[in-house]
Amino acid sequence: MLGHARSSNLAAYQSAAAHGGVAASDPHRLIVMLLDGALERIATARGCMQRNETAEKTRLLNRAVSIVGELRNSLDLRNGGQIAANLAELYDYMCRRLLRAQTDNKVEMLDEVSSLLHEIRAAWLAIAPEARAR
């Protein structure tokens, strides 16, 4: 399972790197890219939802769920303490909300998840560079 998670993270990283040109040695930047990728897909799916473009909305939200799943898989639940456990629960909640938004066609659910992801992104970016290396 751990190998699969690493392989999935690597695939997500390689995909993001092809588009964003980041160094393989910066896992902090990878997390930011994953957050940005989820946010971008949710925003685009929101527009699709408003235009009744069901197939594209579904594709985008399924991808957003996959990205949030990758974020959850990247957590160190063994050493991350309560923060990692809380984030894992929050990521699970976000996945459920995205899937529910997809079936119920509720823009406000997408907005809720986007808001949560923006908060996590802001907190992640606030981590001092010297603390990132730990």
Side-chain angles (χ1 to χ4, degrees):
M1 180 80 172
L2 184 59
H4 173 67
R6 283 190 181 145
S7 144
S8 295
N9 282 342
L10 179 59
Y13 172 79
Q14 288 171 333
S15 173
H19 294 95
V22 298
S25 63
D26 191 357
H28 186 271
R29 180 75 183 126
L30 170 60
I31 297 299
V32 173
M33 291 176 70
L34 289 171
L35 290 164
D36 287 347
L39 285 164
E40 178 184 324
R41 282 157 183 82
I42 292 167
T44 306
R46 187 181 196 282
C48 290
M49 190 179 282
Q50 293 171 325
R51 292 185 302 275
N52 292 319
E53 296 172 358
T54 307
E56 185 65 2
K57 171 198 76 174
T58 299
R59 185 188 72 75
L60 289 162
L61 290 179
N62 285 339
R63 186 63 189 124
V65 167
S66 294
I67 292 170
V68 173
E70 290 299 327
L71 287 164
R72 188 195 185 291
N73 290 340
S74 72
L75 295 171
D76 184 353
L77 295 174
R78 183 178 312 169
N79 299 312
Q82 193 61 46
I83 292 173
N86 289 346
L87 274 172
E89 289 179 25
L90 186 57
Y91 287 142
D92 287 342
Y93 172 78
M94 285 187 238
C95 287
R96 289 191 307 273
R97 293 299 280 178
L98 288 172
L99 293 171
R100 185 69 185 259
Q102 181 177 316
T103 58
D104 292 355
N105 231 33
K106 298 282 187 181
V107 169
E108 50 278 354
M109 291 180 186
L110 299 181
D111 293 343
E112 176 191 12
V113 173
S114 288
S115 177
L116 292 168
L117 287 170
H118 277 292
E119 287 182 39
I120 292 169
R121 185 184 190 281
W124 191 252
L125 289 174
I127 297 171
E130 57 276 4
R132 296 175 191 170
R134 293 184 197 156

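Note: hydrogens, waters and symmetry copies are ignored here, and every other heavy atom, side chains too, is used. Being a predicted model, the structure only gives us computed values, none of them experimental.
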Report, one line per pair, each donor and acceptor closer than 3.5 Å where one atom sits in a side chain of residues 108-116; sequence neighbours left out.
residue : atom : partner : partner atom : Å
Asp111  : OD1  : Arg46   : NE           : 2.7
Asp111  : OD2  : Arg46   : NH2          : 3.1
Glu112  : OE1  : Tyr93   : OH           : 3.4
Glu112  : OE1  : Arg97   : NE           : 2.8
Glu112  : OE1  : Arg97   : NH2          : 3.0
Glu112  : OE2  : Tyr93   : OH           : 2.5
Ser114  : OG   : Leu110  : O            : 3.2

Response to the item:
Across all chains, not counting sequence neighbours, the side chain to side chain donor-acceptor pair (under 3.5 Å) partners of Glu53 are Arg51

Practice prompt. Would you please name every residue forming a side chain to side chain donor-acceptor pair (under 3.5 Å) with Arg59, sequence neighbours left out?
Written response: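 Partners of Arg59 under the side chain to side chain donor-acceptor pair (under 3.5 Å) test: Glu56.
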
Worksheet item: Got a sec, which pairs hit salt bridge (charged side-chain N to carboxylate O under 4.0 Å, His left out) with one end in residues 82-93, sequence neighbours left out?
Response: Arg72-Asp92

Please report the interatomic distance [atom1]([X]) to [atom2]([Y]), rounded to the nearest 0.5 Å.
| X | Y | atom1 | atom2 | answer |
| --- | --- | --- | --- | --- |
| Ile67 | Leu39 | CD1 | CG | 9.5 Å |
| Leu90 | Leu71 | CG | CG | 10.5 Å |
| Thr103 | Leu98 | OG1 | CG | 11.0 Å |
| Leu99 | Asp104 | CG | CG | 11.0 Å |
| Glu40 | Leu35 | CD | CG | 13.0 Å |
| Gln102 | Met49 | CD | CE | 8.0 Å |

Tell me the closest heavy-atom pair linking [X] and [Y], and the distance in Å.
| X | Y | value |
| --- | --- | --- |
| Ala88 | Leu75 | N-CD1, 3.4 Å |
| Gly69 | Cys95 | N-SG, 4.2 Å |
| Tyr91 | Val68 | O-CG1, 3.5 Å |

Discussion item. So, using side chain to side chain contact (heavy atoms under 4.5 Å, CB included) as the criterion, who are the partners of Asn52 when residues are at least two apart?
Written reply: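 Checked Asn52 against side chain to side chain contact (heavy atoms under 4.5 Å, CB included); matches are Asn105.
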
Discussion item. I'd like to check the side chain to side chain contact (heavy atoms under 4.5 Å, CB included) partners of Ser66; sequence neighbours left out, ordered by chain and number.
Written reply: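 Per chain and number, Ser66 pairs via side chain to side chain contact (heavy atoms under 4.5 Å, CB included) with Arg63.
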
Practice prompt. Answer with yes or no whether the hydrophobic clustering places Leu60 together with Ile42; edges join I, L, V, M, F, W, Y residues whose side-chain heavy atoms lie under 4.5 Å apart.
Written response: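 No, no single cluster joins them.
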
Worksheet item: So do the side chains of Arg29 and Val32 get within less than 4.5 Å of each other, counting heavy atoms only?
Response: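 Side chain of Arg29 against side chain of Val32, heavy atoms only: contact under 4.5 Å found.
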
Discussion item. Are the side chains of Thr44 and Arg41 in contact, using a 4.5 Å heavy-atom criterion?
Written reply: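 Not touching, per the 4.5 Å side-chain cut-off.
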
